[in-house]
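Okay, so here's the structure we're looking at.
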Amino acid sequence: MSSSGEGREGSFYESAIVQKESIAILKDFESLSGLMGKYPMFDVEGKRIFIEQMESVSERLAVFNTRMNLSDDPLVKQNLNQVSKQLLFLSTNMASMQEGMKRQISDFRRLLEQEEKIVDLNQLAGFRQQLAKAMPFERMSTVQKNISMENIMKDPSIMMTLSSNPRALVAIDDVMQNGPFAIENYKDDEDLYKTLKKVLEME
């Protein structure tokens with residue numbers, strides 16, 4: 001019996017709630033990532049809304065990870081062990097990734113506070129241009145063109161893998177941060193590796 005209330009052994013990924021939330025997190029993550037390239041030129045209110053949405057996704061992901069850690073499902077435990085090993089190979093862990101997201105959100109808020117104090121329009125335009133150059137928005141936006149729900153929905157097997165594999169969000173974040181060749185980090189997981197190649201249209 002699962003301590004997370006998922007029911008019979010092996011049923012965690014079959015839960016409608018689990019599938020719905022994992023897909024929702026992926027969709028929201030994809031949506032925010034797609035807007036990242038435009039973020040520097042958002043007005044103050046647009047940036048504030050974007051940051052709040054980032055916080056929401058971060059909190060929901062933390063809850064989802066906690067739920068997996070509380071599950072007694074052997075497959076979940078196996079997948080979590082694989083995730084831990086992969087992250088260790090990348091010199092990080094899930095807690096560090098979550099802290100990194102929190103720091104990024106904190107940096108966004110700090111920069112937003114600076115922008116809110118600028119009243120001269122020319123200075124404001126210059127600030128936003130510098131922001132665009134200082135952060136990897138352009139690269140993330142370019143990769144995002146391939147990591148889209150449109151591509152994901154082309155093949156039901158893609159959605160199935162991404163919604164049932166806890167490494168999926170880690171892998172997508174890795175690709176978003178480091179470019180498409182980061183999928184080579186996931187060759188040990190054949191299904192996930194092939195799925196990422198499909199999503200990126202690299203096959």
Side-chain angles (χ1 to χ4, degrees), residues 4 6 11-39 49-71 73 75-76 78-80 82-84 86-87 90 92-95 97-98 100-102 104-105 136-137 139-180 182-183 185-186 189-203:
S4 64
E6 294 302 333
S11 66
F12 181 88
Y13 294 126
E14 298 173 9
S15 165
I17 295 175
V18 168
Q19 293 179 9
K20 181 179 179 179
E21 180 60 8
S22 62
I23 291 173
I25 291 173
L26 280 169
K27 288 178 69 175
D28 290 345
F29 183 84
E30 181 261 341
S31 177
L32 288 174
S33 299
L35 293 172
M36 191 68 79
K38 301 177 182 178
Y39 177 86
I49 293 173
F50 185 90
I51 292 170
E52 290 172 354
Q53 291 176 344
M54 281 186 65
E55 286 182 319
S56 175
V57 171
S58 175
E59 291 168 0
R60 287 159 56 203
L61 181 57
V63 170
F64 192 82
N65 286 333
T66 298
R67 194 175 184 200
M68 286 196 299
N69 279 294
L70 291 175
S71 175
D73 184 335
L75 181 58
V76 173
Q78 178 183 345
N79 285 337
L80 285 175
Q82 290 177 342
V83 170
S84 296
Q86 182 66 51
L87 293 178
L90 298 173
T92 187
N93 54 50
M94 187 59 70
M97 287 188 64
Q98 291 176 347
M101 186 175 290
K102 289 180 181 179
Q104 184 180 44
I105 293 172
F137 296 113
R139 180 183 63 183
M140 295 174 71
S141 180
T142 299
V143 175
Q144 174 57 30
K145 291 178 182 179
N146 286 331
I147 303 180
S148 67
M149 288 307 296
E150 181 180 358
N151 284 344
I152 290 173
M153 294 301 291
K154 286 178 181 177
D155 186 341
S157 66
I158 292 177
M159 180 61 75
M160 179 66 71
T161 299
L162 295 183
S163 64
S164 64
N165 192 325
R167 303 178 75 191
L169 289 175
V170 173
I172 289 175
D173 182 64
D174 190 7
V175 173
M176 292 295 298
Q177 296 290 339
N178 301 305
I183 69 169
N185 295 327
Y186 305 92
D189 188 329
E190 185 177 356
D191 287 341
L192 179 57
Y193 181 73
K194 288 182 177 179
T195 297
L196 290 171
K197 289 187 72 176
K198 286 182 180 179
V199 174
L200 290 170
E201 299 181 333
M202 293 176 67
E203 288 192 326

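The model shown is predicted, which means the values in this text are computed figures rather than measured ones.
Taking Ala62 as the reference, Gln98 meet the side-chain contact (heavy atoms from CB on, under 4.5 Å) condition, with sequence neighbours excluded. In this view, Asp191 satisfies the salt bridge (Lys or Arg N to Asp or Glu O under 4.0 Å) rule with no residue, not counting sequence neighbours. For Ser58, the side-chain contact (heavy atoms from CB on, under 4.5 Å) partners are Met101, Ile105, not counting sequence neighbours. With sequence neighbours excluded, the residues forming a salt bridge (Lys or Arg N to Asp or Glu O under 4.0 Å) with Glu55 are Arg109, listed by chain and number. Applying the salt bridge (Lys or Arg N to Asp or Glu O under 4.0 Å) rule to Lys20 yields no partners; only residues at least two apart in sequence or on another chain are considered. Partners of Ile49 under the side-chain contact (heavy atoms from CB on, under 4.5 Å) rule, at least two apart in sequence or in another chain, are Glu45, Gln53. Every residue two or more places apart in sequence or in another chain that forms a side-chain contact (heavy atoms from CB on, under 4.5 Å) with Glu190 is listed here: Lys194. In terms of the salt bridge (Lys or Arg N to Asp or Glu O under 4.0 Å) criterion, Glu52 has no residue partners (sequence neighbours excluded).
Taken to the nearest 0.5 Å, the OG atom of Ser56 stands 11.0 Å off from the CG atom of Leu61. In this structure, NZ on Lys102 lies 13.0 Å from CE on Met54, to the nearest 0.5 angstrom.
Between Tyr39 and Leu32 there is no side-chain heavy-atom pair separated by less than 4.5 Å. Side-chain contact between Phe64 and Arg60 is absent, with no heavy atoms from C-beta onward closer than 4.5 Å.
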Discussion item. Before you tell me yes or no, could you show the steps for Arg67 and Glu21 under side-chain contact (heavy atoms from CB on, under 4.5 Å), namely the whole-Å CA-CA distance, both residues' side-chain angles and the distance that decides it to 0.1 Å?
Written reply: CA-CA 11 Å; Arg67 194 175 184 200; Glu21 180 60 8; 5.7 Å; no
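Taking both residues in full, the closest heavy atoms of Asp28 and Val57 are given as CB-CG2, 3.8 Å, listed atom of the first, atom of the second, then distance. Summarising the geometry of Leu196 relative to Tyr186, their closest heavy-atom pair is CD1-CD1, 4.2 Å, with the distance given to 0.1 Å.
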